[in-house]
Amino acid sequence: YFVCPFWLTGIILQFFAGFVDADGNTVMSIRRIAPQYAKSKFAFDLSVNLVDWMVLIAWLAESENQVLRVLSFLKLLRMHRVIEHAELAERFFFLHARSEEVAIIFGLAKIVMGLIVLVHFTACTWFAIGLAHGDTWLDANALRTDSWWMQYIT
């Protein structure tokens, strides 16, 4: 429930996030930021967010529409934006947090988040393999018909 509003808020906030222009100047004027974002990443962000909303609506309606299940894999495109946000956060901490303690904590948080993402994708890959081939560990553990939450945490 929280993912769609979170990314929608991210889209809105991008209209207020400054950028560096071709001359190397930091631009913080909303009148210049909004057109820049609209021309660069807005269409991509909006399309990925719309896919999220369609999948959420289908999930809430308990639809088994295969097209929407395939569309849910398009959410992987969001990883590009996650990586970009991590780079922005790193730049922010480098510019504003001169404390060695904060730098160490931020470095450890990046490592932990990287491991979480790696484990998530490894688990999703094994789950996809289990779905793609006949009688697998999903059937042996009676997980094929369980809720998505039970499938995920198992």
Side-chain angles (χ1 to χ4, degrees), residues 1-132 147-154:
Y1 294 116
F2 301 108
V3 173
C4 293
F6 173 80
W7 288 105
L8 183 60
T9 304
I11 289 173
I12 294 166
L13 291 176
Q14 283 294 317
F15 282 102
F16 302 98
F19 68 95
V20 178
D21 65 8
D23 298 328
N25 300 321
T26 302
V27 177
M28 297 302 292
S29 167
I30 294 175
R31 289 184 179 180
R32 289 189 56 202
I33 294 170
Q36 172 69 21
Y37 177 58
K39 287 188 292 188
S40 62
K41 299 173 185 168
F42 177 70
F44 175 79
D45 289 348
L46 185 63
S47 62
V48 171
N49 197 262
L50 286 175
V51 168
D52 281 345
W53 282 101
M54 288 189 314
V55 169
L56 177 64
I57 290 167
W59 179 70
L60 290 174
E62 297 184 22
S63 171
E64 289 297 320
N65 190 341
Q66 287 297 98
V67 173
L68 290 176
R69 291 188 119 193
V70 170
L71 283 176
S72 68
F73 285 109
L74 291 177
K75 293 190 301 185
L76 290 175
L77 295 173
R78 187 185 312 115
M79 285 308 296
H80 166 71
R81 296 296 288 160
V82 170
I83 292 168
E84 188 173 283
H85 286 291
E87 290 170 354
L88 285 173
E90 186 173 7
R91 257 189 271 148
F92 173 80
F93 279 110
F94 178 75
L95 293 174
H96 298 289
R98 301 278 185 210
S99 166
E100 184 177 344
E101 200 173 288
V102 172
I104 290 171
I105 291 170
F106 183 70
L108 287 173
K110 281 189 347 183
I111 291 170
V112 169
M113 288 304 295
L115 287 172
I116 289 171
V117 169
L118 179 66
V119 167
H120 170 76
F121 281 112
T122 303
C124 288
T125 301
W126 280 112
F127 185 77
I129 291 170
L131 286 176
S147 69
W148 68 270
W149 175 245
M150 181 57 79
Q151 291 173 342
Y152 185 80
I153 64 171
T154 304

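Quantities reported herein were computed from a predicted structural model and do not represent experimental measurements.
The stretch residues 11-20 participates, sequence neighbours left out, in no salt bridge (charged side-chain N to carboxylate O under 4.0 Å, His left out) pair at all. Residue pairs that meet the salt bridge (charged side-chain N to carboxylate O under 4.0 Å, His left out) test with at least one member in residues 3-16, sequence neighbours left out, do not exist here. Screening residues 114-126 for salt bridge (charged side-chain N to carboxylate O under 4.0 Å, His left out), with sequence neighbours left out, gives no hits.
Here Phe16 pairs with nothing under the ring pair (Phe, Tyr, Trp, His ring centres under 6.0 Å) rule; sequence neighbours left out. Taking the side chain to side chain contact (heavy atoms under 4.5 Å, CB included) definition, one finds that Thr122 meets it with Leu118, Trp126, sequence neighbours left out. Annotation: side chain to side chain contact (heavy atoms under 4.5 Å, CB included) contacts of Ile116 (sequence neighbours excluded): Val112, Met113. Applying the ring pair (Phe, Tyr, Trp, His ring centres under 6.0 Å) criterion to Phe6, with sequence neighbours excluded, gives no partner residue.
The NZ atom of Lys110 lies 13.0 Å from the CG atom of Leu115; values are rounded to the nearest 0.5 Å. The CG atom of Asn49 sits 8.5 Å away from the CG atom of Asp45 when rounded to the nearest 0.5 Å. Expressed to the nearest 0.5 Å, how far CD of Gln14 lies from CD of Gln36 amounts to 11.0 Å.
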Quiz: residues 23-32 side-chain donor-acceptor pairs under 3.5 angstrom, not counting sequence neighbours:
{"residue": "Ser29", "atom": "OG", "partner": "Arg31", "partner atom": "N", "Å": "3.4"}

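Closest non-hydrogen pair, Phe15 versus Ile11, comes out as CD1-O, 3.5 Å.
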